[in-house]
Each structure stands twice: as structure tokens, then as C-alpha cells.
Novice: 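One structure, pasted below without further comment.
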Amino acid sequence: MTATTPDVSSYSRAERLAIIASCMLGFALDLYDVLIMPFLMGSIQKSLQISLAQVASVTSLTLIGSVIGGALFGWLGDRVGRKQSLQLTLLIFAAGSIASAFAWNYWSLAILRFVTGIGLGGEWGAGMVLFNEAWNKDRRGLGSAFIQGSAVIASACASIIGVWATTSFSLEWGWRIALLTGGSPILLMIFIRLFMPESKAWLQFDRMRKSGMLQTAAPRQTNTLIKMFQG
């Protein structure tokens with residue numbers, strides 16, 4: 001190993017399991033929050049008395065927020081650490097989902113779902129960076145397959161909860177109760193706080209940064225997209 005690449009074996013088995021479990025659950029919760037919306041659109045449209053196009057645009061705003069969240073928390077994760085950044089994304093994600101359940105018109109729902117999207121996108125980015133830094137590089141394909149496989153759990157839960165909530169409760173409360181379940185990332189945040197380690201690669205980077213060992217001058221940047229097609 002080089003001076004700038006921590007040995008993956010320095011993570012205990014329990015720490016690696018905590019990391020993969022956190023990434024799987026985080027990805028599943030992300031997808032769940034997006035996939036449950038189609039089951040709620042009809043109820044939301046009638047309850048808030050808005051058009052179907054407006055309801056559909058809420059999902060688009062959530063995804064736009066996720067792009068912004070991915071960039072924002074990718075930047076923040078380099079400064080405060082992967083673990084702390086991941087916890088913050090989950091807090092925003094959960095708070096936005098819970099607050100969305102109490103929306104009173106189109107704009108309140110749109111803004112709150114946009115905020116939810118920021119946390120949603122940040123969670124995915126922060127979680128996958130930590131996974132790639134901590135997981136054995138020879139088994140990243142297997143680990144990634146487990147994370148992607150959690151999408152099946154997300155889609156199943158979204159359909160079950162969406163149908164159950166809209167058929168078991170009133171028009172006014174069914175979709176709200178379904179959105180309240182989006183607050184479950186708070187539980188994952190507690191799990192990460194207690195059991196998941198910080199990235200050792202980031203800890204080493206942070207120590208070097210604070211000691212002034214990092215190169216201060218930025219290297220010359222090249223357009224890698226253009227470089228792919230050269231020669």
C-alpha cells in the first residue's frame with residue numbers, strides 16, 4: 001500500500017458489514033421515496049385539488065433536487081467527512097419527507113419534495129463514496145450488486161405501502177401517511193452514528209491537509225471527455 005492509500009484490511013468485519021448495510025438501506029430508502037409517488041398521485045391530485053401535470057412535476061423537482069444534493073454533499077463530504085455528511089443527508093431526507101406529508105397546496109408540496117430530493121441525492125453520493133473507499137477493491141462488483149439488489153426491496157415496499165395507505169385511510173390522510181413513512185431514514189442515521197466507521201482514506205487525507213502535506217498548487221486540468229477520443 002502507498003502512503004496515501006489505507007489498507008482495506010484495517011476495517012474489521014463488523015465495520016465492513018455496517019458500511020454495506022448502510023449503503024443498501026440508504027439506496028433502498030432513496031428509491032422507495034421516489035417509487036411510492038406514482039401510487040399517491042391520484043389521491044394528492046384530488047386532495048389538494050391540483051392538476052395531474054402539477055403532481056407529476058413534483059417528482060421531477062425531487063429528481064432535480066437530488067442532482068443538486070449529490071454535488072453539494074460530494075463537496076461537503078470532502079471537508080467534514082463521509083460519515084458526518086451522510087448523516088446530514090439522511091436528516092434532510094427524513095425531515096423533507098415528513099414535512100411533505102403536511103403540505104397544503106401545490107407549492108408547499110413542490111418545495112418540500114425538492115428539499116427531500118436534496119437529501120436523497122446527497123445520501124446516494126456520500127454512501128457510494130464511502131463504500132468505494134472502504135470495500136475490498138477485488139469485491140466491489142459483488143458489493144455493488146448487493147446495493148443495486150436492494151432496489152427490489154424498495155419497489156416492493158413502495159407498492160405495498162402505497163396501495164395500503166391509499167385504500168385503508170381517507171382521501172385526505174392516505175397519501176399523507178404514506179409520505180410519513182419516508183421519515184424512516186432517521187433510524188438509519190442513528191445506526192450510522194452508532195456503528196458505521198468513518199472512511200480511513202478520508203481520515204488520512206484530513207490529517208495530511210491539516211499538517212500542510214497536501215500539494216497547494218492545483219495540477220493542470222485536461223478535458224478527459226475529449227481525451228477519450230484522441231488518438
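This is a predicted model, so every value here is computed, not measured.
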Novice: Do Leu109 and Phe114 make a side-chain contact, defined as non-hydrogen atoms from C-beta onward lying under 4.5 Å apart?
Specialist: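 The answer is no; the side chains never approach within 4.5 Å.
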
Novice: Anything under 3.5 Å between a donor and an acceptor, one on a side chain of residues 18-32, the other on a protein residue two or more places apart or in another chain? List them.
Specialist:
unit_1, atom_1, unit_2, atom_2, d
Ser22, OG, Ala18, O, 2.7
Tyr32, OH, Thr181, OG1, 2.7

Novice: How about Ile44 and Met37: do any of their side-chain heavy atoms sit closer than 4.5 Å?
Specialist: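 Yes; the side chains approach each other to less than 4.5 Å.
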
Novice: Nearest 0.5 angstrom please: Leu40 CG to Ile36 CD1, how far?
Specialist: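 Here the rounded value is 5.0 Å.
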
Novice: Apply side chain to side chain contact (heavy atoms under 4.5 Å, CB included) to Ser159 and Phe39, showing your working.
Specialist: CA-CA 7 Å; Ser159 60; Phe39 296 96; 3.5 Å; yes

Novice: Grouping I, L, V, M, F, W and Y whenever their side-chain heavy atoms are under 4.5 Å apart, do Ile161 and Val55 come out in a common cluster?
Specialist: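 Yes; Val55 is reachable from Ile161 via cluster members.
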
Novice: Which pairs would a plain distance check flag for residues 86-95, meaning a side-chain donor or acceptor within less than 3.5 Å of a matching protein atom at least two apart in sequence or in another chain?
Specialist:
unit_1, atom_1, unit_2, atom_2, d
Gln87, NE2, Lys83, O, 3.4
Thr89, OG1, Leu86, O, 2.7

Novice: So if I apply the side chain to side chain contact (heavy atoms under 4.5 Å, CB included) rule between Glu15 and each of Met196, Lys200, Glu198, which one comes out positive?
Specialist: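 Result for side chain to side chain contact (heavy atoms under 4.5 Å, CB included) with Glu15: Lys200.
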
Novice: Is any side-chain N of the basic residue among Lys46 and Glu172 closer than 4.0 Å to the acidic one's carboxylate O?
Specialist: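 Here Lys46 does not pair with Glu172 in a salt bridge, since their nearest N and O are not under 4.0 Å apart.
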
Novice: If I take atom CG from residue Leu48 and atom OG from residue Ser108, how far apart are they, to the nearest 0.5 angstrom?
Specialist: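 Output value for this atom pair is 7.0 Å.
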
Novice: Which pair of non-hydrogen atoms, one from Leu61 and one from Ala110, has the smallest distance, and what is that distance?
Specialist: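 Minimum heavy-atom contact is CD1-CB, 3.5 Å.
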
Novice: For the residue pair Ser100 and Leu112, what are the closest heavy atoms and their distance?
Specialist: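 Looks like OG-CB, 3.5 Å.
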
Novice: Check for a donor-acceptor pair, side chain of Thr116 on one end and backbone N or O of Ser97 on the other, with a separation under 3.5 Å.
Specialist: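 Yes: the side chain of Thr116 pairs with the backbone of Ser97.
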
Novice: Any donor and acceptor pair, going by atom type alone, linking the side chain of Thr167 with main-chain N or O of Val163 inside 3.5 Å?
Specialist: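 Checked: pair present.
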
Novice: More than 12 heavy atoms of other residues, nucleotides or ligands under 6.0 Å from CZ of Arg79: yes or no?
Specialist: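 Yes, CZ of Arg79 has more than 12 neighbouring heavy atoms, counting only those of other groups under 6.0 Å.
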
Novice: Heavy atoms only: give me the nearest Ile50-Gln45 pair and the separation to one decimal.
Specialist: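 Scanning both residues completely, I find the closest heavy atoms to be O-CG, 2.8 Å.
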
Novice: How long is the span from the OG1 atom in Thr59 to the CD1 atom in Ile64, to the nearest 0.5 Å?
Specialist: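 Reported value, rounded in 0.5 Å steps: 11.0 Å.
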
Novice: By ring pair (Phe, Tyr, Trp, His ring centres under 6.0 Å), which residues pair with Phe146, not counting sequence neighbours?
Specialist: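 So Phe146 forms no ring pair (Phe, Tyr, Trp, His ring centres under 6.0 Å) with any residue.
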
Novice: Nearest 0.5 Å, what's the CD1-CG distance between Ile68 and Leu120?
Specialist: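 Separation between the atoms: 13.0 Å.
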
Novice: Main chain of Arg139, side chain of Trp135: is a donor-acceptor contact present, judged purely on distance under 3.5 Å?
Specialist: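 Yes; judged by distance alone, with no hydrogens or angles, the pair exists.
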
Novice: Residues two or more places apart in sequence or in another chain: which of them pass salt bridge (Lys or Arg N to Asp or Glu O under 4.0 Å) with Arg113?
Specialist: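 Here the qualifying residues are Asp33.
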
Novice: Go through it in stages, so that I can follow the logic: the residues are Gln49 and Asn105, the test is side chain to side chain contact (heavy atoms under 4.5 Å, CB included), and I'd like the CA-CA distance, side-chain angles, deciding distance and then a yes or no.
Specialist: CA-CA 8 Å; Gln49 297 181 353; Asn105 58 19; over 6 Å; no

Novice: Would you sort out whether Trp175 and Ser47 count as a side chain to side chain donor-acceptor pair (under 3.5 Å), showing the intermediate values?
Specialist: CA-CA 9 Å; Trp175 65 272; Ser47 174; 3.2 Å; yes

Novice: Determine whether a donor-acceptor pair (N or O, by modelled atom type, separation under 3.5 Å) exists between the side chain of Glu133 and the backbone of Leu130.
Specialist: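 Checking the backbone N and O of Leu130 against the side chain of Glu133, no donor-acceptor pair under 3.5 Å is found.
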
Novice: Given the rule that I, L, V, M, F, W and Y join up when any side-chain heavy atoms are under 4.5 Å apart, are Ile118 and Val80 in one cluster?
Specialist: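 Yes: a chain of side-chain contacts under 4.5 Å links Ile118 to Val80.
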
Novice: Who passes side chain to side chain contact (heavy atoms under 4.5 Å, CB included) against Asp78, sequence neighbours left out?
Specialist: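 Checked Asp78 against side chain to side chain contact (heavy atoms under 4.5 Å, CB included); matches are Arg82.
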
Novice: Does Val152 have any side chain to side chain contact (heavy atoms under 4.5 Å, CB included) partners at least two apart in sequence or in another chain, and if so, which?
Specialist: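 So Val152 forms no side chain to side chain contact (heavy atoms under 4.5 Å, CB included) with any residue.
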
Novice: Could you grab the distance from atom CG of Leu187 to atom CD1 of Ile192, nearest 0.5 Å is fine?
Specialist: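 Spacing of CG (Leu187) from CD1 (Ile192) equals 11.5 Å.
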
Novice: Just do the side chain to side chain contact (heavy atoms under 4.5 Å, CB included) check on Gln84 and Leu76 with the steps written out, would you?
Specialist: CA-CA 9 Å; Gln84 188 171 341; Leu76 188 64; over 6 Å; no

Novice: Salt bridge (Lys or Arg N to Asp or Glu O under 4.0 Å) with Asp206: which residues, sequence neighbours excluded?
Specialist: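 Arg209, Lys210.
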
Novice: List in chain and number order the residues that pass side chain to side chain contact (heavy atoms under 4.5 Å, CB included) with Ile190, two or more places apart in sequence or in another chain; answer none if no residue qualifies.
Specialist: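 In terms of side chain to side chain contact (heavy atoms under 4.5 Å, CB included), with neighbours along the sequence ignored, Ile190 is linked to Ile186, Leu194.
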
Novice: What residues form a side chain to side chain donor-acceptor pair (under 3.5 Å) with Ser57, not counting sequence neighbours?
Specialist: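 Tyr106.
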
Novice: What distance do Glu123 atom CD and Ser85 atom OG have between them, rounded to the nearest 0.5 Å?
Specialist: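 These two atoms lie 10.0 Å from each other.
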
Novice: Can you name the residues that form a ring pair (Phe, Tyr, Trp, His ring centres under 6.0 Å) with Trp164, not counting sequence neighbours?
Specialist: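 Residues passing ring pair (Phe, Tyr, Trp, His ring centres under 6.0 Å) with Trp164: Phe169.
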
Novice: Please report the shortest heavy-atom distance between Tyr11 and Ala201, naming the atom on each side.
Specialist: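 Where Tyr11 meets Ala201 most closely, the heavy atoms are OH-N, 4.2 Å.
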
Novice: Work out which heavy atom in Ser43 is nearest to a heavy atom in Thr166; give both atom names and the distance.
Specialist: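 Heavy-atom minimum between the residues: OG-CG2, 3.7 Å.
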
Novice: Which pairs with one or both residues in residues 56-82 pass ring pair (Phe, Tyr, Trp, His ring centres under 6.0 Å), sequence neighbours excluded?
Specialist: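 As it turns out, there is no ring pair (Phe, Tyr, Trp, His ring centres under 6.0 Å) pair with a partner in residues 56-82 once direct neighbours are skipped.
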
Novice: Could you give all pairs that pass the ring pair (Phe, Tyr, Trp, His ring centres under 6.0 Å) test and reach residues 177-198, with sequence neighbours left out?
Specialist: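 Qualifying pairs: Phe191-Phe195.
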
